[in-house]
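Before any comments, here is the structure.
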Amino acid sequence: PLCSPLSAVIPGVEFYEPTGGSFIWVRLPGELSGKALAPVAVEHGVQFCPGFRCAVADLNSELDSNAGGSTQLDRFVRLSFAFYCEEELVEGIRRLARAIDSVSPS
């Protein structure tokens, strides 16, 4: 219930459709950082786990020179779909899209 709305509402996101579990990993569009987006998303009424929080210390400490010095998982977020009905998930995606739009260059 999360993948179709993600593709439709947020252009430029990349993800693999999960075959199990309760989370989906999403690569944010452009050069957007999950760490920078998190507080903006809260202002829009939605939360997620920034990707860097889900890595072991060694991975977080390695800098990805291709990403301008950010950690390798900084452009990813982890979204939960375990506790919400489809209507709530779609609204969360809409809120996330508004947060992304508010920080993306025009």
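Keep in mind that this is a model prediction, so the values were computed, not measured.
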Does any N or O in the side chain of S102 come within less than 3.5 Å of the main-chain N or O of A99, such that one atom is a donor and the other an acceptor? yes
Sequence neighbours left out, cut at 3.5 Å: what donor-acceptor pairs do the side chains of residues 32-51 make with other protein atoms?
from, atom 1, to, atom 2, distance (Å)
S33, OG, K35, N, 3.1
S33, OG, A36, N, 3.1
S33, OG, D74, OD1, 3.2
S33, OG, D74, OD2, 2.9
H44, ND1, V40, O, 2.9

When rounded to the nearest 0.5 Å, the distance separating CD1 of I93 from CG of L6 is 4.0 Å
**Request:** Take E87 and R94 through the test salt bridge (charged side-chain N to carboxylate O under 4.0 Å, His left out) and record every step on the way to the result.
**Result:** CA-CA 11 Å; E87 184 178 290; R94 288 184 188 126; over 6 Å; no
* **Contact check, side chains of V26 and L96, non-hydrogen atoms, under 4.5 Å** => no
One should read off an interatomic distance between L89 CG and S4 OG, to the nearest 0.5 angstrom, of 12.0 Å
Side chain to side chain contact (heavy atoms under 4.5 Å, CB included) filter on F76, not counting sequence neighbours, yields W25, R27, L73
Pairs of donor and acceptor atoms involving the side chains of residues 10-23, under 3.5 Å and at least two apart or interchain, shall be tabulated with distances.
none

